[in-house]
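Heads up: the structure comes next, in structure tokens.
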Amino acid sequence: MNFIVISLIALLALGAIAYIFGHNRRADGTEEPIVVGEGDCATCTPETPKCEQICTMEAAVKPVEYFDDEELDQFRNRAADSYSDDEVEQFAYVLHTMQATDVAAWCRSLTLRGIALPNELRDEVILLMQRQ
């Protein structure tokens with residue numbers, strides 16, 4: 001019987017503590033607004049264009065991230081349809097050796113470095129990005 005009484009008192013005490021700390025009131029008694037976070041750039045979807053814009057702006061001011069693909073810098077300022085089969089194969093090798101979760105970041109990296117993804121790989125890249 002004592003165990004039940006002690007358990008009820010402890011439960012009431014925990015409830016009171018949770019209410020006090022969980023209630024959003026300022027010291028002057030006014031309600032504090034609840035702010036919902038936006039999420040990070042990894043959670044952007046095509047349905048949230050604002051998120052995509054924010055992530056693009058953030059990426060533009062951050063240092064460029066490399067994916068062991070420094071050799072692709074030689075293709076700066078080239079058109080996406082101007083690559084030879086061997087050059088497309090260099091891009092494909094990098095693409096096929098990375099995690100699917102890194103594909104979107106890799107594409108951002110290429111864009112920031114002024115490197116156009118070969119047209120031959122665009123469909124595959126889109127499929128990989130949709131799977132994640």
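Here, residue 1 is the first one in the sequence, and each next residue gets the next number. All figures in this text were calculated on a predicted structure; none of them were measured in a lab.
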Asn119-Tyr83 side chain donor-acceptor pair, cut-off 3.5 Å: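 No, no side-chain donor-acceptor contact under 3.5 Å.
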Mind checking the [atom1]-[atom2] spacing from [X] to [Y]? Nearest 0.5 Å is all I need.
X	Y	atom1	atom2	value
Asp102	Arg108	CG	CZ	10.5 Å
Met129	Cys107	CE	SG	5.5 Å
Gln99	Trp106	CD	CH2	14.5 Å
Leu110	Phe91	CG	CZ	6.0 Å
Asp68	Tyr93	CG	OH	9.0 Å

Ignoring hydrogens and angles, tell me if any N or O in the side chain of Ser109 forms a donor-acceptor pair with the backbone of Val64 under 3.5 Å.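 No, the answer is negative, given that no donor and acceptor are paired below the 3.5 Å cut-off.
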Is there side-chain contact between [X] and [Y], with at least one heavy-atom pair below 4.5 Å?
X	Y	result
Tyr66	Asp73	yes
Leu95	Val125	yes
Gln90	Gln74	yes

Strictly below 4.0 Å, N to O, side chains only: are Arg78 and Glu87 in salt-bridge contact?
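Judged by the 4.0 Å cut-off on N to carboxylate O distance, Arg78 and Glu87 do form a salt bridge.
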| Thinking salt bridges, do Arg113 and Asp69 make one under a 4.0 Å N-O criterion? |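 Looking at Asp69 together with Arg113, the answer is yes, because their closest N to O distance falls below 4.0 Å.
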For [X] and [Y], work out which heavy atoms get closest and say how close.
X	Y	result
Val94	Glu71	CG2-OE2, 3.7 Å
Ala116	Ala79	CB-C, 4.4 Å
Ala92	Leu121	N-CD1, 3.6 Å

